[in-house]
Amino acid sequence: MSEFAPKSDFLRVLAERGYIHQCSDLSGVDEKAAAGDLIAYIGYDCTGPSLHVGHLLPTMMLRWLQKTGGGKPLPLMGGGTTRVGDPSGKDESRKILTIADIDANKASIRGVFSNFLTFGDGKTDAIMPDNAEWLTALNYIEFLRDVGRHFSVNRMLSMDSVKMRLERDQELSFIEFNYMCLQAYDFVELYRRYGCMLQMGGSDQWGNIVTGIDLGRRMGTGQLYALTSPLLTTASGAKMGKTASGAVWLNADMLSPWDYWQYWRNTEDADTGKFLKLFTELPMDEIRRLEALQGAEINEAKKVLANEATAMAHGRAAADQAMATARTTFEEGGASTDLPGVDIPQSEFAEGVGVLTAFVRAGLVASTGEARRQVKGGGLRVNDTAVTDERASISARDLRSGAVKLSLGRKKHVLLRPV
RNA sequence: GGGGAAGUGUCCCGAGCGGCAAAGGGGGCGGACUGUAAAUCCGCUGGCUAUGCCUUCGUAGGUUCGAGUCCUACCUUCCCCA
């Protein structure tokens, strides 16, 4: 891959920023992209109500495709396949959702995409198809006759995703086993409907994608291509996109821009350069400069990373605000009024609220028991003063410009406001 | 259809002679050290109106002063035979 000199901006960007893990035919893809004719899709399941950071990498590839004028991005909603479950790499079968759930998830996800892609009818405008459109209309007998006959069970059994399940004696249901057929068929259908010739995805999707290319050849599509991105783990080996409180969601109603900004701000040193390339659109020389920073200076690079990533998902204003809040909170030790807040009835407040209860109400701890333990471990602070007496209470005299600042550990702060 | 094994702290894995709020990991959280990083070390990791009370070991019963542990039935998963 290092030998390859792309003609298209699309592949050049992808290559230099580290998005490419494997590609079935780089020069083939390059040619289409150079002509601006590359129509590419990525499949997304609708198991969750939003997209999270794990979806960001493939989504950025679609964004670059659009931005470099390489062609048309098709984020495909797996409204049909979500009802099946993908065995790839997963140890456990995916839960099967109701149709109503899937629809709700789809609607929510559509909103997230609009932050990253421009939709419309133009040549490089994105379209969001849903494979339920064709999968639910399939007739079993016809599907077997027209599509099923092209699949070799022998080969399906030899695929890693299947082999793994068989070797571990883990249940692999017939529906899941069919997943790859449906995904392959999606590719063909997208070719027929939109002229889509490239499927992208995480490296764990390689097998499924190639199966689609094969099916296409047998069913008379033009040449199809596969391009996968590396699976991302943090430098210390953890999976991307998980934090204490769960997934790092991309929409504001599930994870505030402030928390999103913090997620990126807390990137491990060793990942900073990689993330700048993958998750921001800063010019490469700027990234190289930031990457070269050493020691505590890396924090500057992390702030840029947090800003750029947050701006993309939540807008520049939200990013600026998060940065300002971070500065007053962490660098000046103050209590920015933009910290997350929780309201408490004035009446209750007047009588004084127990510290333990207050922390529970603020959502910083799950129970008074946990609050008690945190007090013992020195983890709770009220207005930056450590809580030592678990029976203390909070009242009006603790107000600092209309709120009480509760902190758990160094990083989690909530403002308690009487209302 | 017959025979066998297993399901444990609602994150996961996993010990558990009838006295168990239940060993040990991993993960997570907090503390120290730092740079809102990593690594390392230490503490915590059922709930509550709290020196006590309540709820937890697949489900439902039973034996017992007392059951995660013994008995019965059922559910689920896996293995072997047909």
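Lettering of chains follows the sequences in order, A, B, ..., and the numbering in each one begins at 1. If you're wondering where the values come from, they're calculated on a predicted model, not measured in any experiment.
- Nucleotide B/G1 has B/C81 as its partner under the Watson-Crick or G-U criteria, with both atom distances under 3.5 Å.
- Look at the C1' atom in both B/U76 and B/U8: the space between them is 16 Å, to the nearest Å.
- Listed pair A/Lys412 / B/G30 meets the phosphate criterion, a side-chain N or O lying under 4.0 Å from OP1 or OP2.
- In this structure, A/Glu268 does not pair ionically with A/Lys274, as no charged nitrogen and carboxylate oxygen lie closer than 4.0 Å.
- In this structure, A/Lys411 atom NZ and B/G35 atom C1' are separated by 10 Å, rounded to whole Å.
- No side-chain N or O of A/Tyr185 forms a donor-acceptor pair with one of A/Trp134 less than 3.5 Å apart.
- The residue A/Gln262 sits close to a base: some heavy atom pair falls under 4.0 Å.
- Within the 4.0 angstrom heavy-atom criterion, only backbone atoms of the sugar-phosphate kind lie near A/Thr267; the bases stay farther away.
- Pairing for B/C17 is absent, judged as Watson-Crick or G-U wobble with the two contacts each under 3.5 Å.
- Distances shorter than 4.0 Å separate none of the side-chain N or O atoms of A/Lys303 from OP1 or OP2 on B/A37.
- Taking atom CZ of A/Arg381 as the reference point, atom C1' of B/G31 lies 11 Å away to the nearest angstrom.
- The distance between atom CZ of A/Arg372 and atom P of B/C44, rounded to the nearest whole Å, is 16 Å.
- Remark: B/U51 base-pairs with no nucleotide; criterion is Watson-Crick or G-U wobble with both hydrogen-bond distances under 3.5 Å.
- As judged by a 4.0 angstrom heavy-atom cut-off over every strand, A/Arg265 is placed among the base-contacting residues.
- Checked against a 6.0 Å centroid threshold, the rings of A/Trp249 and A/Tyr260 do not count as neighbours.
- When the C1' atom is compared between B/A38 and B/A5, the two are found 44 Å apart, to the nearest whole Å.
- Rounded to whole Å, the separation between the P atoms of B/A39 and B/A50 comes to 40 Å.
- Following rounding to the nearest Å, A/Gln294 (CD) and B/A38 (P) show an atom-to-atom distance of 17 Å.
- Under the Watson-Crick or G-U wobble criterion, with both distances below 3.5 Å, B/U72 is paired with B/A60.
- Look at the P atom in both B/A22 and B/G27: the space between them is 24 Å, to the nearest Å.
- Spacing between B/C78 and B/G68 at atom P, rounded to whole Å, works out to 28 Å.
- Counting to the nearest Å, the P atom of B/G35 and the CD atom of A/Glu297 are 13 Å from each other.
- Checking B/G30, B/G35, B/U36 against the side-chain heavy atoms of A/Gln374 singles out B/G30 as nearest.
- Nucleotide B/A37: unpaired (no Watson-Crick or G-U wobble partner with both distances less than 3.5 Å).
- Listed nucleotides B/G30, B/A37, B/C48 differ in distance to A/Thr368; the shortest reach to its side chain belongs to B/C48.
- Distance check: A/Leu65 CG to A/Ile42 CD1 gives 9.0 Å after rounding to the nearest 0.5 Å.
- On the P atoms, B/U63 is 36 Å away from B/U45, given to the nearest whole Å.
- When each of B/A50, B/A38, B/C29 is scored by its nearest atom to the side-chain atoms of A/Glu268, the top-ranked nucleotide is B/A38.
- Heavy atoms of A/Leu380 sit nowhere under 4.0 angstrom from any nucleic acid atom.
- Remark: P of B/G28 and CG of A/Asn266 are 14 Å apart, rounded to the nearest angstrom.
- A sub-4.0 Å separation between OP1 or OP2 of B/C48 and a side-chain N or O of A/Ser367 is present.
- Applying the 3.5 Å distance criterion, the base of B/A32 shares no donor-acceptor pair with the side chain of A/Arg410.
- Residue A/Lys302 is classed as a base contact, given a heavy-atom separation below 4.0 Å to a base.
- Among the candidates A/Asp398, A/Thr329, A/Thr385, A/Asp384, the single residue satisfying the side chain to side chain donor-acceptor pair (under 3.5 Å) test with A/Lys405 is A/Asp384.
- Here B/A37 presents its P atom at 19 Å from CG of A/Leu290, a figure rounded to the nearest Å.
- For the residue pair A/Asn208/A/Gln205, the side-chain donor-acceptor check at 3.5 Å is satisfied.
- A donor and an acceptor atom, one from each side chain of A/Asn266 and A/Lys302, are nowhere located under 3.5 Å apart.
- Look at A/Glu291 and A/Arg288 and you find no salt bridge, because none of the NZ, NE, NH1 or NH2 atoms lies under 4.0 Å from a carboxylate O.
- Between A/Val360 and A/Trp261, the one whose closest nucleotide on RNA chain B sits nearer the 5' end is A/Trp261.
- Rounding to whole angstrom units, CD of residue A/Glu370 and P of B/U45 are separated by 11 Å.
- Only the P atoms considered, B/C13 is 25 Å distant from B/G30, to the nearest whole Å.
- One finds a side-chain N or O of A/Arg373 lying less than 4.0 angstrom from the OP1 or OP2 phosphate oxygen of B/G47.
- Nucleotides B/G25 and B/U72 place their C1' atoms 36 Å apart, quoted to the nearest Å.
- Contacts of A/Arg391 with the nucleic acid, taken as non-hydrogen atoms under 4.0 Å apart, are absent.
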